[in-house]
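Residues take their numbers from the sequence shown, with the count starting at 1. Every number for a ligand or one of its atoms is a count from 1 in the order of the listing. Computed from heavy atoms alone, side chains included, the values below leave out hydrogens, waters and symmetry copies.
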Amino acid sequence: MSALTFPILQVLSDGKFHSGEDLADRFAVTRATVWNAIQHAEKLGVEVFSVRGRGYRLPQAIDMLDEQAVLTAIGEQREWFNLQLLDEIDSTNSYLMKQAAKGAPHVTCVAAHIQTSGKGRRGRAWVSHLGASLTFSLLWRFNCGAAALSGLSLAVGVALMRAFQQLGVPGVCLKWPNDVLYDNRKLAGILIELQGDMDGPSAAVIGVGVNLRLPEQVLKRIDQPAIDLASIGVAVNQGELLGTLLRHLADVLHAFEDDGFVALRAEWLSYHVYHNRPVRMLMPDGRDVHGTVRDVAEDGILLVETALGLQRFSAGEISLRTGV
Ligand code: ATP
């Protein structure tokens, strides 16, 4: 670990060469200390070119998350958020779950430049890369118990869709329970972890990962079709994206607190890519169940017409795939 790694990466984020001597002068350290800081960046998976006589540079310019841009995009509600930008962390969700248990305030948001062990559902991994992905988690405290939060992950999908629409991202849709897809490829993922009692109060840590501009070698590490905003032709600043997402998350979470998922259900259905389409459900026991999606219930349960009639499926252990 080197305290200088991220300040140096911030300088290198312009994609230009910076000599070891200039960097050493700028931070009042030796060139060996600069070299050590760069070594640490490489251990984190950041490729840094080093050319004798010219110095260090990144393969291309990158967009580092900037606090001011986030606050500007949140707008009037900015005072309300407790925003923490971290350089590197194993997982923003794991970190915020621990902070929540120690009493972190309602509406704490933790974003990280680098996640070293990003998480998906059921022990799966979320892949991200410096300057190429947005990864953050938001803590929201509820008076109700965890039992009343079953539709929450779908509600969060609505917030993401509203934010993407505001930013002019075309052709995005949701896949139950809450992946954001473009052309059947995954653009963003959501992971919600809960703590507290079943009958209240409770706290949700809402983790979101959005792909901005993933390098080819990073895309190859993802074991299902994935896509990023740049490939869709959308160039959005990370800070603006985070602030816009937080603003819509706050609106949706307030609506959810007041009325539950029922208030958002019709909107969610309008975004669902498989509505009235044939699907295949991957069951925890390894079976595939085939059917046609008909509806979603007020608690987020998916209603699918199968050979046995209209059946109810809860998100916990099931993965949904196209049936054609
Ligand atoms: P489900 O349909 O059950 O939600 P899922 O496979 O989408 O299934 P998640 O837990 O939501 O599972 O997300 C984790 C999965 O997402 C990983 O197993 C991987 O396949 C995929 N993934 C990981 N990183 C990324 C990324 N940056 N972009 C798109 N997809 C990713």
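Annotation: atom 18 (O) of ligand 1 to nearest protein heavy atom, R124 CD, 3.4 Å. In this structure, the protein non-hydrogen atom closest to atom 23 (C) of ligand 1 is A125 O, 3.3 Å. Here the heavy atom of the protein found nearest to atom 22 (N) of ligand 1 is I222 CG2, 3.6 Å. If you check which protein heavy atom lies closest to atom 10 (O) of ligand 1, you get R121 N, 2.5 Å.
Classification of the W140-F142 ring pair by plane angle, with boundaries at 30° and 60°, yields tilted.
With K119, K186, H129 as candidates, the residue nearest to atom 13 (O) of ligand 1 on a non-hydrogen basis is K186.
Both the sub-6.0 Å distance and the 45° axial angle are satisfied by R57 relative to the ring of F17.
Under 4.0 Å is where a charged nitrogen must lie from a carboxylate oxygen, and between R265 and D259 no such pair does.
Contact between R321 and ligand 1 is present, with at least one heavy atom of the residue lying under 4.0 Å from the ligand. In this structure, R221 has no heavy atom closer than 4.0 Å to ligand 1. Remark: distances from the non-hydrogen atoms of A315 to ligand 1 are all 4.0 Å or more.
Ligand 1 places these atoms under 4.0 Å from at least one heavy atom of N211: 26 (C), 27 (N), 28 (N), 29 (C). Residue R122 has at least one heavy-atom neighbour below 4.0 Å for each of these atoms of ligand 1: 3 (O). Against a heavy-atom cut-off of under 4.0 Å, D223 is close to the following atoms of ligand 1: 18 (O), 19 (C), 20 (O). Within the listing of ligand 1, atoms 28 (N), 29 (C) sit less than 4.0 angstrom from a heavy atom of A226.
Not less than 6.0 angstrom separates the ring centroid of W176 from the ring centroid of H275.
Under the 4.5 Å side-chain criterion, counting only non-hydrogen atoms from C-beta, L130 is in contact with M64.
Any N or O atom pair closer than 3.5 Å counts here, and Q224 shares at least one such pair with ligand 1. At least one N/O-N/O distance between K175 and ligand 1 falls below 3.5 Å. Below 3.5 Å of separation, one finds an N or O of V127 facing an N or O of ligand 1.
Counting heavy atoms closer than 4.0 Å to ligand 1, residue D179 contributes side-chain atoms (C-beta onward) but none from N, CA, C or O. Neither the backbone nor the side chain of S133 comes within 4.0 Å of ligand 1, counting heavy atoms alone.
Under the side-chain hydrogen bond (donor to acceptor under 3.5 Å, both in side chains) rule, E88 has a single partner from Q115, H40, H113, which is H40.
The other members of the hydrophobic cluster of I222, by chain and number, are V127, L214, V218, L219 (side-chain heavy atoms under 4.5 Å, ILVMFWY only).
Note that the CD atom of Q60 and the OG atom of S13 stand 11.5 Å from one another [nearest 0.5 Å]. Residue L242 holds its CG atom at 4.5 Å from CG of L246, rounded to the nearest 0.5 Å. Note that CZ of F136 is 5.0 Å distant from CG of L245, once rounded to the nearest 0.5 Å.
With sequence neighbours left out, the side chain to side chain donor-acceptor pair (under 3.5 Å) criterion links D251 to no other residue.
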